[in-house]
Amino acid sequence: MLNTSIKNYFDLILLSRASISKASAESVISFTGMSKKNFVEDILNISIKTLERKQDDDKLDKRTSSLVIEVARVLEHTYRVFYDKEKVQRWLSKPNNTLHGDSPLSLFSTPTGIGMVEDVLTRIEEGVYS
């Protein structure tokens with residue numbers, strides 16, 4: 001999605017500092033199955049107009065880049081668990097009792113929420129998901 005080889009967490013930090021392009025962000029957004037407008041406004045907390053004014057190769061700010069990269073990392077983890085894009089999108093958008101009835105996607109706007117989703121995915125992988 002991001003056209004960069006990521007070997008460790010520090011590579012993610014370097015990528016965030018360099019910022020990602022609008023096109024890379026849109027690739028991540030499209031994989032979620034969420035509308036671009038909802039993702040941009042609800043998760044990235046920016047106006048859709050702000051994003052739409054950018055060219056595909058324009059860079060996003062560091063905070064937004066970091067959040068998109070974290071979402072991409074969780075999407076990759078989700079895909080490793082479910083092995084199917086449609087299953088990933090369905091799981092991400094469905095209310096989850098372990099997440100207090102929220103959908104995983106609705107928690108992507110904060111680092112804590114992303115961490116909670118990661119925890120649930122790890123529990124599923126380890127067979128302790130209830």
Side-chain angles (χ1 to χ4, degrees):
M1 275 185 236
L2 299 175
N3 274 342
T4 301
S5 176
I6 304 295
K7 297 178 184 93
N8 55 48
Y9 283 113
F10 196 73
D11 288 344
L12 293 173
I13 292 169
L14 294 175
L15 183 59
S16 294
R17 286 178 181 165
S19 298
I20 63 168
S21 68
K22 172 189 173 187
S24 292
E26 287 181 336
S27 176
V28 171
I29 293 166
S30 71
F31 195 85
T32 67
M34 196 174 186
S35 78
K36 185 187 332 182
K37 181 182 186 327
N38 287 346
F39 188 97
V40 168
E41 293 182 354
D42 297 344
I43 293 174
L44 300 181
N45 198 30
I46 60 176
S47 160
I48 187 68
K49 290 180 182 181
T50 299
L51 184 70
E52 292 301 327
R53 280 193 294 268
K54 295 184 178 296
Q55 299 297 315
D56 284 347
D57 58 346
D58 285 349
K59 300 287 186 176
L60 303 177
D61 64 74
K62 290 176 188 176
R63 186 197 87 47
T64 303
S65 293
S66 179
L67 186 52
V68 171
I69 290 165
E70 286 301 305
V71 168
R73 191 177 58 76
V74 174
L75 291 174
E76 190 272 332
H77 189 178
T78 309
Y79 192 80
R80 276 195 334 263
V81 170
F82 295 106
Y83 301 105
D84 179 85
K85 184 177 177 179
E86 288 180 19
K87 287 180 184 177
V88 166
Q89 291 175 343
R90 195 169 38 250
W91 185 81
L92 288 171
S93 63
K94 187 177 175 183
N96 187 303
N97 289 336
T98 306
L99 300 172
H100 301 275
D102 287 334
S103 71
L105 275 176
S106 71
L107 299 177
F108 280 180
S109 61
T110 66
T112 303
I114 288 172
M116 289 174 66
V117 174
E118 283 273 85
D119 289 347
V120 172
L121 289 167
T122 300
R123 291 180 69 197
I124 293 170
E125 282 179 312
E126 294 172 354
V128 292
Y129 183 70
S130 52

Distance-only side-chain donor-acceptor flag, S21 / S24, under 3.5 Å = yes
ask   = Judged by modelled atom types alone, do T64 and D61 share a side-chain donor-acceptor pair under 3.5 Å?
value = yes
Parallel, tilted or perpendicular, as decided by the 30° and 60° cut-offs, for the rings of W91 and F82 = tilted
Calculate, to the nearest 0.5 Å, the distance between atoms [atom1] and [atom2] belonging to [X] and [Y] respectively.
| X | Y | atom1 | atom2 | answer |
| --- | --- | --- | --- | --- |
| F108 | L75 | CZ | CG | 5.5 Å |
| R80 | I124 | CZ | CD1 | 12.5 Å |
| L67 | S109 | CG | OG | 7.5 Å |
| S103 | L92 | OG | CG | 8.0 Å |
| I43 | L105 | CD1 | CG | 5.5 Å |

request  = Report the residue from R90, Q89, K85 that forms a side-chain contact (heavy atoms from CB on, under 4.5 Å) with K87.
outcome  = R90
Result of checking V74, N96, V117 against L107 for side-chain contact (heavy atoms from CB on, under 4.5 Å) = V117
ask   = Between H77 and E125, is any pair of side-chain heavy atoms under 4.5 Å apart?
value = yes
message = Do L99 and M116 have side chains that approach each other closer than 4.5 Å (heavy atoms only, starting at C-beta)?
response = yes
Using modelled atom types and a 3.5 Å cut-off, is there a donor and acceptor pairing between side-chain atoms of [X] and backbone atoms of [Y]?
| X | Y | answer |
| --- | --- | --- |
| S19 | L60 | yes |
| S66 | R63 | no |
| D58 | Q55 | yes |

N-O pairing of E70 and R73 below 4.0 Å = yes
key: For the student: nearest non-hydrogen atoms of F31 and V88, plus distance   = CE2-CG1, 4.0 Å
Distance-only check: which donor-acceptor pairs under 3.5 Å involve side-chain atoms of residues 44-54, not counting sequence neighbours?
unit_1: S47; atom_1: OG; unit_2: K49; atom_2: N; d: 3.0
unit_1: E52; atom_1: OE2; unit_2: K36; atom_2: NZ; d: 2.9

